[in-house]
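Heads up, the thing below is written out as structure tokens.
Order of the sequence lines fixes the chain letters, A, B, ..., with proteins taken first and strands second; residue numbering starts at 1 for each chain.
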Amino acid sequence: MNHKDIEKKWQKKWEEKIPSEGEKLYCLTMFPYPSGDIHVGHWYNFAPADVYARFKRMQGYRVFFPIGFDAFGLPAENAAIKRGIHPETWTYENIERMREQLKSMGCIYDWSSEIVTCDPGYYKWTQWIFLELFKAGLAYRKRVPANFCPSCRTVLANEQVVEGKCERCDSQVEQKEIEQWLLNIRNYAEELVSSLDDLDWPEKTKTMQKNWVGKSEGAIIEFTVAGRSLPVFTTRPDTIFGATYLVLSPEHPLLSEIKSEAENPAEIEDYIAESRMKTELERISETKEKTGVYVKGVTGMNPLTGEELPVFVADYVLMHYGTGAVMAVPAHDLRDYEFAKKHDMPIKRVISSKEDLPFEGEGETIHSGDFSGMPSEEARKRITDHLEKSKLGERKVNYKLRDWLVSRQRYWGAPIPIVYCKHCIKEKDKKTFIEGEEHAILPDENLPVLLPWVDDFNPSEEGKSPLSRNRHFKEAMCPRCGEKAERETDTLDTFVCSSWYYLRYADPHNEESFADKKKIKEWLPVDVYIGGAEHTVMHLLYSRFFTKALRDMGHLRFSEPFLKLRHQGVILGPDGRKMSKSKGNVVDPDKEIEKHGADAVRMYLCFMGPYDQGGVWSPSGIMGVKRFLDRVYKTEVKKDNNKEIDGLLHRTIKKVGEDIERMHFNTAISSMMTFLNEVSFMGVDQMRLFLLLLAPFAPHFAEEMWHNMNFKGSVHDAFFPQHDEELAKEEKVTMVLQVNGKVRAKVEVDAGISERKAKKIALKETEKWTEGKEVKKVIVVGNNLVNIVCVE
RNA sequence: GCCGGGAUGAUGAAACUGGUAAACAUGCGGCACUCAAAAUGCCGUGGGCCCUGCCCUUGUGGGUUCGAGUCCCACUCCCGGCACCA
């Protein structure tokens, strides 16, 4: 069969399809970034997902399987700058090409609901959601130390910084204090952790999200420094008797006050300046070297013991976590221990244990006044109770998660729909200072705020958006007073666009709302979501946050966007390394289709190994599935069904159905291969059923065969076969006979053999090995194994 | 350092709840067809030995069990994530 002729033909016919009736099933793959060409990685995401979607549709589900493009973002600009094409032109040209390539895969995408995030019709609603968040107090503008990538010339979210470097271009990220837009994802920290449990997600992904949010329970305790209050967060109040000094972060606001009271203000000042100079990377690389200076002449006090404590400034204490200050317990905290060793501070053990210091585990309290001699867990509770009663502290839960910085100083993104007005400031207004002047922050509800076509989209040196140079765009009318005002010129991080796209699919052309409530109810939440594991802490966390925020604002009635999540693995080049142009090991799917056909490529991707594991693309491996399809094509078809083949076939049907459901595509295919290897012909009905099994994997091939056989309608409109329990039953089975756990013989027996009979046969057949020995025990396992235990 | 996940033939792997380890496929070897090659088909393919048969074998060492790739303990290596989060 010539795949080239048949694939185009069927793809054209299928495009006319519309979803049928049945229980809804929203099946989604993470939408692609229009980078230029569809690569094997896309295929590995989309093809097996399509197998699943087709399978579910054949089972009678009303499957919704949309596709779109995550079209804003830096690569468009970078590529455009390099080649002198406008990002918009570049993006839409790529989309055009990718659409054709996607169609060549033979997926059952519903193209009528396609979305492109850089279309004004889409980003209008991205902007609208941003304003909803703003009005709900979940989007705010603040001067914060931000991660700035000098090469991309924009700030980055914490999630986009990997080991102190920009995840995109690998440049070393700098810290810059700039006014930025942030989303208050921290408000949802607790729920983002607690509601993970009910989701059918890979455990690993859940754990990673939990760790990223980083919940820890402890207490805030009121220490004092030079008579002023210094709250400190700790997860170990039980070690408070072991606190031997206090440490403030260099950015701590209290420092400016106590500095002047210290005997060494210059030294402190120098240290603060020095640590401010350090980049994120330097701080990280110095994790072992704990620097800091002693604040001479200033003492702190332990509220529980009344003990006087020396005070330090050290940058191992971070301003953005807890209260920016810690009680140092060197005996029971590794970092405090290292610092104490270096600066000769006393180390006081308060938890007994056989282990050496620093000991961070649990044990019995010692040298802890009234709280001595109890398990540390109990001490933790009692000490906290005592502190709360005496108003010296309170229980507190802290999260590592930081708010999400969403403004980008780049061109190719959704404009932030905000206007700054200096004329109409009111008491209740949210305000900001632009070049020293006070401005009210006002939402521009005249949406969409269109991204203007500009020719100069190069980012500026000082990290200002290219839009800030566009006077036309920047100059706006105040939506409240009508006076001249200034428009925000930063754009939104693309992750904002992709945090809600799964909602838009339900109603992609709606101009009145982001999606009609009825349509949302009809399709959402997403039942099965398939995509790469690299999105664990960004896209997936942000989307969950958006869903919860939109729910609380009354727009949604569910709390989690993706009920079931599966990750596909990574496909490596034939040399076993990650595919990249520079290594010359890129497999071009277009060429593979040309050579072997879309069906063979789809099937090979499914067959190569467990779906979540990925693997090495083997040019010879694909021949296996190709040969298999050829053998199906050549199989002799007889008029009547053979009963024995029926048995084999129905067992295969059972296995294939179960395996696709579990997304074990590789074993589903191997069962079909095994079946074909065991038969030399099939009856017409048997071939009909077999083609149905094959249909999700090799849709064009199965359709062509289906028509050649003169079966009715489309193979894809038929129901996926249900196995017949009676036919699937085996009459004879192989029973394995063991003596002392060693396989000694195999016998054919009736499937329904009784335990007594099995025992009898087994004893007789193994006489050779049990001769002269005493049989102590005979274990019969169903009809497939008997183990005879005997001794000399 | 902490948290996950993994290690099975030459290779990708299979074995769901403990019950025949290596299904299926690639590769390799042999044979058939062919003038020849490709394609296709058939056979063989974990290791060892005193080869009709027996012994060993799922990263290493121990344990539980009639029986362990699967469960428990300790260790080695590989991959992914986090990383001064008090």
With respect to the side chain of Lys746(A), which nucleotide from rG19(B), rU20(B), rA86(B) is positioned closest? rU20(B)
Report the distance from atom CG of Asp612(A) to atom P of rA13(B), rounded to the nearest whole Å. 11 Å
Taking rG19(B), rU20(B), rC16(B) as options, the one with an atom nearest any side-chain atom of Asn784(A) is rG19(B)
Val781(A) side-chain proximity, nearest of rG19(B), rA21(B), rA86(B): rG19(B)
Measure from the side-chain heavy atoms of Arg631(A) and tell me the nearest of rA25(B), rC84(B), rA86(B). rA25(B)
Just N and O in the side chain of Arg627(A): are any of them under 4.0 Å from OP1 or OP2 of rU40(B)? yes
In terms of the nearest nucleotide of RNA chain B, which residue is placed more toward the 5' end: Ile669(A) or Gly214(A)? Ile669(A)
For Glu661(A), does the CD atom have more than 12 heavy-atom neighbours from other residues, nucleotides or ligands under 6.0 Å away? yes
Parallel, tilted or perpendicular for Trp617(A) and Tyr604(A), by the 30°/60° rule? perpendicular
Both distances below 3.5 Å, Watson-Crick or wobble geometry, any strand: find the nucleotide opposite rU76(B). rA7(B)
Would you say rA25(B) has OP1 or OP2 under 4.0 Å from some side-chain N or O of Asn677(A)? yes
Around Glu748(A), counting heavy atoms of other residues, nucleotides and ligands shown, do more than 12 lie under 6.0 Å from its CD? yes
Length of the CG-P vector between Asp630(A) and rA38(B), whole Å: 18 Å
Answer whether the closest heavy-atom distance between the side chains of Trp201(A) and His567(A) falls below 4.5 Å. no
Glycosidic conformation of rG9(B), taking syn as within 90° of 0 and anti otherwise: syn
Base, backbone or nothing for each nucleotide of nucleotides 67-74 of chain B, written B, S, -, heavy atoms under 4.0 angstrom, 5' to 3'? --------
Could you state the CE-C1' distance from Met603(A) to rA13(B), rounded to the nearest angstrom? 16 Å
Any protein N or O atoms within reach of nucleotides 53-55 of chain B? Criterion: under 3.5 Å, listing atom names and distances.
{"unit_1": "rC55(B)", "atom_1": "OP1", "unit_2": "Arg744(A)", "atom_2": "NH2", "d": "3.3"}
{"unit_1": "rC55(B)", "atom_1": "OP2", "unit_2": "Arg744(A)", "atom_2": "NH1", "d": "3.3"}

Under 3.5 Å for both donor-acceptor distances, Watson-Crick or wobble: does rU40(B) have a partner, and if so which one? rA32(B)
Please examine the side chains of Ile761(A) and Val749(A), heavy atoms only from C-beta on, and report whether any two atoms are closer than 4.5 Å. yes
OP1 or OP2 of rG27(B) less than 4.0 angstrom from a side-chain nitrogen or oxygen of Ser618(A), does that happen here? no
Tell me what Phe607(A) touches on the nucleic acid: a base, only sugar-phosphate, or nothing, going by heavy atoms under 4.0 Å. base
Mind calculating the distance between CG (Asn211(A)) and P (rC82(B)) to the nearest angstrom? 10 Å
How about Lys342(A): does its NZ atom have over 12 heavy atoms from other parts shown lying under 6.0 Å from it? yes
Heavy-atom donor-acceptor pair, Lys400(A) side-chain to rC82(B) base, under 3.5 Å: no
Looking at rA13(B), I'd like to know if its phosphate oxygens (OP1 or OP2) sit under 4.0 Å from a side-chain N or O belonging to Gln613(A). yes
Watson-Crick/G-U partner (both atom distances under 3.5 Å) of rG18(B): none
Any heavy-atom pair between the side chains of Ile571(A) and Met608(A) that's under 4.5 Å? yes
Let's see if you can work this out: which of rA23(B), rA86(B), rA13(B) has an atom nearest to the side-chain heavy atoms of Thr674(A)? rA23(B)
Is rC28(B) syn or is it anti, if syn means the base angle is within 90 degrees of 0? anti
Lys215(A) NZ to rC3(B) P, straight-line distance once rounded to whole Å: 19 Å
Complementary nucleotide for rG27(B) - Watson-Crick or wobble, under 3.5 Å: rU45(B)
Over how many whole Å does the gap from Trp212(A) atom CH2 to rG4(B) atom P extend? 18 Å
Distance check needed: rC78(B) C1' versus Leu572(A) CG, whole Å only. 14 Å
May I ask you to decide whether Asp630(A) forms a salt bridge with Arg627(A), counting only side-chain N to carboxylate O separations under 4.0 Å? no
Nearest to the side chain of Lys634(A), which nucleotide is it out of rA86(B), rU40(B), rG12(B)? rU40(B)
Under a 3.5 Å limit on both distances, the Watson-Crick or wobble mate of rG1(B) is rC82(B)
Let me know the distance between NZ of Lys204(A) and C1' of rC79(B), rounded to the nearest Å. 8 Å
Check whether more than 12 heavy atoms from other residues, nucleotides or ligands sit under 6.0 Å from atom NZ of Lys760(A), and answer yes or no. no
If you define the side chain from C-beta out and look only at heavy atoms, does anything of Thr667(A) sit under 4.5 Å from Lys655(A)? yes
Tell me the partner of rU64(B), counting only Watson-Crick (N1-N3 plus N6-O4 or O6-N4) or G-U wobble (N1-O2 and O6-N3) with both under 3.5 Å; none if nothing fits. none
Parallel, tilted or perpendicular: which fits the ring planes of Phe233(A) and Tyr321(A), with parallel below 30° and perpendicular above 60°? perpendicular
